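Step one of this worksheet: look at the structure below.
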Number of protein chains: 2
Amino acid sequence: MALEHAILVSLLEKPGSGYELARRFERSIGYFWTATHQQIYRVLKRMESDGLLGVREVPQQGRPDKKEYSVAGLGRAALSQWLHEPIESESVRHDLAVKIRGAAFDDPSALIHEVERHRQVHSDRLAHYLAGELCDFTGPEASAPPDAGQELQHVVLRGGIAYERMTIAWLDDVLATVHRLGASRPRT
Amino acid sequence: MALEHAILVSLLEKPGSGYELARRFERSIGYFWTATHQQIYRVLKRMESDGLLGVREVPQQGRPDKKEYSVAGLGRAALSQWLHEPIESESVRHDLAVKIRGAAFDDPSALIHEVERHRQVHSDRLAHYLAGELCDFTGPEASAPPDAGQELQHVVLRGGIAYERMTIAWLDDVLATVHRLGASRPRT
DNA sequence: TCCTTCTATGCAACTCGTTGCATAGACAAG
DNA sequence: CTTGTCTATGCAACGAGTTGCATAGAAGGA
């Protein structure tokens, strides 16, 4: 279970409430890890009762009070231990690949629309990443020497960019293949 | 839940028992979908009682009898319906990206070993895919015109190959970045 | 004024997925 | 002769993740 560790990293980067974490999981961290607010609140509570996190009630004006969590010594130790353990898996779940193979037993025109839709999603996401890269990592380029945290965030983002580019090229390959099949073998 | 649909596709490609499906999920289909035998047996039972699949008891010699499942009309209809629905998500879970960002708060040497290990895994997997491609998709190239199912399986495999290549290149980028950080900023 | 949206937290119920364990016959190696 | 591996199926328990719903004050627009 790495959700705990993702939360530890995020809170080390900047302390925050469950709500704020949920927002981060929709953005920067969400590029490579998804979580709903339910999961986050539940796990935060458990981590706090396990002594991994500290809480601080922060009263606010014009909006509800929030609980700001930060990483305690135990939490930092737990993260460090996890960083030194090997991890496995990256369990793959590619619905689209299932669909592509399934298209052999069905009308391929539905597949074409689906693939085009996915291509659009990945294309938009790529544009979003590139905009974020411009904004976050090329602004004060000559000014401050970028710190380690920034460099590491940047290389993760570059991974996202490479993934989207690769995916778009592959989806084009899929489209070309399906069209070729449709042209050369009009009957099912 | 697309496990049902992955099973339908696999059984359409070739009927088989739960055990055989589990083996396939370790290989070809496992390239883009993982499932344990527990999940498979449980889902097969449910799908059969829902009328999506038919069963046939096959006695065998020298080994236990097996239940060979095949797709019933209802199952085929369910698959067809799913193929015509849009799907979302591809929910991302990249433990390694969490670790990379976490390395900003820890000794990066552990990260280097981990990244090198992953690079090896992906490199092996790429070699495995390429061997599979040679074997399955370039053998009788000029002889028979490849059918739609084969072409679609091939394009899925090409996706896996592109993914591994991209990942290896990215891991090299990660390694270069971490080394650069270690060289330029020897103190934490 | 009412409706929606945003911040902020949480419960309850459910499904999905993993892990550990059990059975059981056949076969091969030590 | 015992141990281990392969085929083949399955139960029980747990943990992870999703969905629906609820509360509640503040702000802004129709």
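What you see below is based on every heavy atom in this structure, not just the backbone, and it leaves out hydrogens, waters and symmetry mates. In what follows, chains carry the letters A, B, and so on, assigned in the order in which the sequence lines appear, proteins first and then strands, with residues in each chain numbered from 1. Small disclaimer: the values here were computed from a predicted structure and weren't measured.
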- Query: Can A:Leu181 be reached from A:Ile112 by stepping across I, L, V, M, F, W or Y side chains whose heavy atoms are under 4.5 Å apart?
  - Reply: yes
- Let me know the distance between CD of A:Gln60 and C1' of C:dA8, rounded to the nearest Å. 8 Å
Distances under 3.5 Å only, N/O to N/O: pair up the protein atoms with those of nucleotides 9-11 of chain D.
unit_1, atom_1, unit_2, atom_2, d
D:dT9, OP1, B:Lys67, N, 2.9
D:dT9, OP2, B:Tyr19, N, 2.8
D:dT9, OP2, B:Tyr41, OH, 2.9
D:dT9, O5', B:Tyr41, OH, 3.4
D:dG10, OP1, B:Lys67, NZ, 2.6
D:dG10, O6, B:His37, NE2, 3.2
D:dG10, O6, B:Gln38, NE2, 2.4
D:dC11, N4, B:Gln38, OE1, 2.3
D:dC11, N4, B:Gln38, NE2, 2.5

- Item | Flag, side chain of B:Arg101 to backbone of A:Ala6, donor-acceptor distance under 3.5 Å | no
- So, B:Lys66 and B:Glu57, do they make that salt bridge, N to O below 4.0 Å? no
- Message: Does this structure show an ion pair linking B:Lys67 with B:Glu48, if we count only N-O contacts that are shorter than 4.0 Å?
- Response: no
- Query: Can you check the A:Arg24 CZ to C:dA8 P distance for me, whole Å?
  - Reply: 12 Å
- Please check if the side chain of A:Thr167 supplies one atom and the backbone of A:Tyr163 the other of a donor-acceptor pair under 3.5 Å. yes
- Message: Strictly distance-based, threshold 3.5 Å: is any side-chain N or O of A:Asp107 a donor or acceptor partner for the main-chain N or O of A:Ser109?
- Response: yes
- Test: B:Arg117 and B:Glu114 ion pair at under 4.0 Å: yes
- Task: Take the protein atom CG of A:Leu44 and the nucleotide atom C1' of D:dG17, then report the distance between them rounded to whole Å.
- Result: 16 Å
- Item | Electrostatic pair A:Glu13-A:Arg24, nearest N-O below 4.0 angstrom | no
- Query: Could you state the CD1-C1' distance from A:Ile87 to C:dT18, rounded to the nearest angstrom?
  - Reply: 18 Å
- Message: Tell me the bend of the helix from C:dT1-D:dA30 to C:dG30-D:dC1 as the angle between end helix axes, each from five pairs, rounded to the nearest 10 degrees.
- Response: 20°
- Looking only at side-chain N and O atoms, does B:Arg23 come under 4.0 Å of OP1 or OP2 in D:dC6? no
Distances for protein N or O near nucleotides 15-17 of chain C N or O, under 3.5 Å:
unit_1, atom_1, unit_2, atom_2, d
C:dG17, OP1, A:Arg93, NH1, 3.0
C:dG17, OP2, B:Gln39, OE1, 3.4
C:dG17, N7, B:Arg42, NH1, 3.2

- Item | B:Arg76 backbone acceptor or donor facing B:Ser80 side chain under 3.5 Å | no
- Give a yes or no on whether the backbone of B:His154 and the side-chain of B:Glu133 come within a donor-acceptor separation of less than 3.5 Å. no
- Message: Angle between ring planes, A:Trp82 versus A:His5, binned at 30° and 60°: parallel, tilted or perpendicular?
- Response: parallel
